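Proteins come first, then strands; the chains are lettered A, B, ... in the order of their sequence lines, and each starts at number 1. Owing to the predicted nature of the structure, the values given are computational and were not obtained by experimental measurement.
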There are 2 protein chains.
Amino acid sequence: MKFITRDSDYALRALCYIASNREVVKVDELVANLGVPRPFMRKILQKLNKSGILGSTKGQHGGFRLKRPAAAVSVFGIMRIFQGKPELSSCFLKKEVCPERPHCALRKKLCLIEKGVFRQLKEINIASLIKAGRA
Amino acid sequence: MKFITRDSDYALRALCYIASNREVVKVDELVANLGVPRPFMRKILQKLNKSGILGSTKGQHGGFRLKRPAAAVSVFGIMRIFQGKPELSSCFLKKEVCPERPHCALRKKLCLIEKGVFRQLKEINIASLIKAGRA
DNA sequence: ACAAATGATACTATATTAGTATCATTTGTC
DNA sequence: GACAAATGATACTAATATAGTATCATTTGT
Ligand code: FES
Ligand code: FES
């Protein structure tokens with residue numbers, strides 16, 4: 001079972017790289033340093049741009065830059081962008097909304113777990129990752 | 001993002017049904033009551049049998065029966081059977097074992113979260129689900 | 001012998017994830 | 001203004017995982 005997908009993973013690496021190096025970083029530099037396929041990396045960065053995490057400038061001295069403080073970019077936020085809202089508690093029996101939802105014991109318990117996981121994922125951010133990585 | 005897959009979900013429903021009804025239950029009865037496609041249900045039950053959660057008898061009065069007390073069958077155990085060990089903390093950069101594993105900050109944090117989730121998933125079991133469902 | 005159950009296994013379909021390819025647009029430099 | 005060097009947008013393909021089906025073999029009670 002995978003919890004973090006590759007695009008989230010690569011996105012986090014790219015963000016850490018950008019945050020701990022220059023202001024503006026080009027795709028090619030990221031590719032060279034992270035070993036991610038170039039077109040895939042581009043796709044990921046463009047998505048981060050659209051989501052407001054990164055800003056970009058085109059042209060000769062263009063590239064990507066962090067648009068927010070590193071501490072304000074959480075792992076939870078990145079996962080939501082690439083994987084949608086992690087939903088630990090889904091019911092499969094019917095296609096419409098499950099009629100038993102309000103009473104479902106399993107769902108209730110999973111929701112509790114979910115809350116805790118989300119809270120923890122929100123606490124991990126680019127700044128804390130960089131700091132922990134250096135220690 | 002899905003956390004529990006259908007087979008795990010259906011397995012849990014089947015187990016709850018068996019545990020809260022007769023000793024021995026046939027596939028057809030489960031299918032009739034749970035609305036799961038018969039061949040899929042069979043596949044799931046056979047896997048539960050192989051895993052030692054259920055026992056089975058063939059022939060005319062055959063069927064499936066719980067092989068352990070309901071309280072000893074955890075959601076965690078079922079998920080492991082159908083989804084493999086949930087691995088919140090995987091690294092994608094290389095195909096071999098990641099050389100940075102011992103130092104990786106993200107992985108360390110995810111491992112902590114993982115531990116908590118596992119503990120909680122182990123605490124939820126068929127007996128507690130049935131009890132909570134009746135309340 | 002036969003019917004009614006499960007066991008084993010192989011196959012197909014659908015959805016998600018991972019990755020590629022291409023052309024358009026912006027921007028600095030000559 | 002032409003051109004090179006960057007990103008933007010979009011559409012496509014490949015690989016993998018999930019969901020489900022189909023079939024034949026084996027066991028067991030009557
Ligand atoms: S939400 Fe549908 S049975 Fe739990
Ligand atoms: S970078 Fe490989 S385990 Fe985190």
Side-chain angles (χ1 to χ4, degrees), chain A residues 1-11 14 18 22-32 34-65 67 79 81-87 90 92-95, chain B residues 1-11 13-14 18 22-32 34-65 67 79 81-87 90 92-93 95:
Chain A
M1 241 224 47
K2 255 173 290 180
F3 186 62
I4 287 204
T5 52
R6 279 197 201 196
D7 31 24
S8 298
D9 184 331
Y10 292 163
I18 295 173
R22 240 145 318 85
E23 261 291 288
V24 172
V25 176
K26 299 177 204 218
V27 171
D28 284 320
E29 185 177 345
L30 288 166
V31 165
L34 302 180
V36 172
R38 206 185 112 98
F40 197 25
M41 186 83 262
R42 286 210 334 119
K43 191 161 101 169
I44 289 167
L45 292 169
Q46 287 181 11
K47 204 162 187 179
L48 288 171
N49 178 26
K50 273 194 190 165
S51 316
I53 310 279
L54 291 177
S56 74
T57 44
K58 295 175 177 178
Q60 209 150 44
H61 301 305
F64 296 89
R65 68 182 185 289
K67 226 170 162 180
M79 287 179 72
I81 289 171
F82 292 96
Q83 313 184 37
K85 184 168 186 180
E87 173 110 27
S90 40
F92 289 119
L93 200 47
K94 313 258 173 181
K95 279 160 196 170
Chain B
M1 239 225 49
K2 254 173 289 180
F3 186 62
I4 288 205
T5 52
R6 280 195 201 198
D7 31 24
S8 297
D9 183 330
Y10 291 164
R13 289 171 204 263
I18 295 173
R22 238 144 319 85
E23 261 289 289
V24 172
V25 176
K26 301 178 202 214
V27 171
D28 284 318
E29 185 178 344
L30 289 165
V31 165
L34 302 180
V36 171
R38 207 184 111 98
F40 197 26
M41 187 83 263
R42 284 206 341 115
K43 191 162 102 169
I44 289 167
L45 293 169
Q46 286 180 11
K47 204 162 186 178
L48 289 171
N49 179 26
K50 273 195 191 165
S51 317
I53 310 280
L54 291 177
S56 73
T57 44
K58 296 176 178 177
Q60 211 150 42
H61 300 306
F64 295 89
R65 68 184 185 287
K67 226 170 160 179
M79 288 179 71
I81 290 171
F82 291 97
Q83 313 184 38
K85 184 170 185 178
E87 174 109 27
S90 42
F92 289 118
L93 200 47
K95 279 161 198 172

For B:P39, answer base if it contacts any base atom (sugar-phosphate contacts may also be present), sugar-phosphate if it contacts only those atoms, and nothing otherwise; contact means non-hydrogen atoms under 4.0 Å.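 Here B:P39 touches the bases of the nucleic acid.
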Is B:D28 touching bases, backbone alone, or none of the nucleic acid, heavy atoms closer than 4.0 Å?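 Here B:D28 touches no strand at all.
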Closest heavy-atom pair and its distance - [X], [Y]:
{"X": "B:V24", "Y": "B:H61", "value": "CG1-O, 4.3 Å"}
{"X": "A:S8", "Y": "A:Q83", "value": "OG-NE2, 2.8 Å"}
{"X": "B:A11", "Y": "B:L48", "value": "CB-CD1, 4.0 Å"}
{"X": "A:L54", "Y": "A:I18", "value": "CD2-CD1, 4.1 Å"}

Is there a donor on the side chain of A:K50 or the base of D:dG8 sitting less than 3.5 Å from an acceptor on the other?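 When only heavy-atom distances are counted, A:K50 does not reach the base of D:dG8 through any donor-acceptor pair under 3.5 Å.
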Side-chain donor/acceptor contact of B:R6 with base of D:dG20 under 3.5 Å: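 A donor-acceptor contact between them is absent.
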With DNA chain C as reference, determine whether B:G59 or A:F40 sits nearer its 5' end, using the nearest nucleotide of each.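 Taking each residue's closest nucleotide, the earlier one in sequence belongs to B:G59.
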Residue whose closest nucleotide on DNA chain D lies nearer the 5' end, A:Q60 versus A:K43: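 By nearest-heavy-atom nucleotide position, the 5'-most residue is A:Q60.
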Considering Watson-Crick and G-U wobble pairs with both distances under 3.5 Å, what does C:dA8 pair with?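 Across any shown strand, C:dA8 pairs with D:dT23.
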Taking any strand in view, what nucleotide pairs with D:dT28 in a Watson-Crick or G-U wobble way, both distances under 3.5 Å?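 Because both required distances fall under 3.5 Å, D:dT28 counts as paired with C:dA3.
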Is any side-chain N or O of B:S56 closer than 4.0 Å to OP1 or OP2 of C:dG7?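 Yes.
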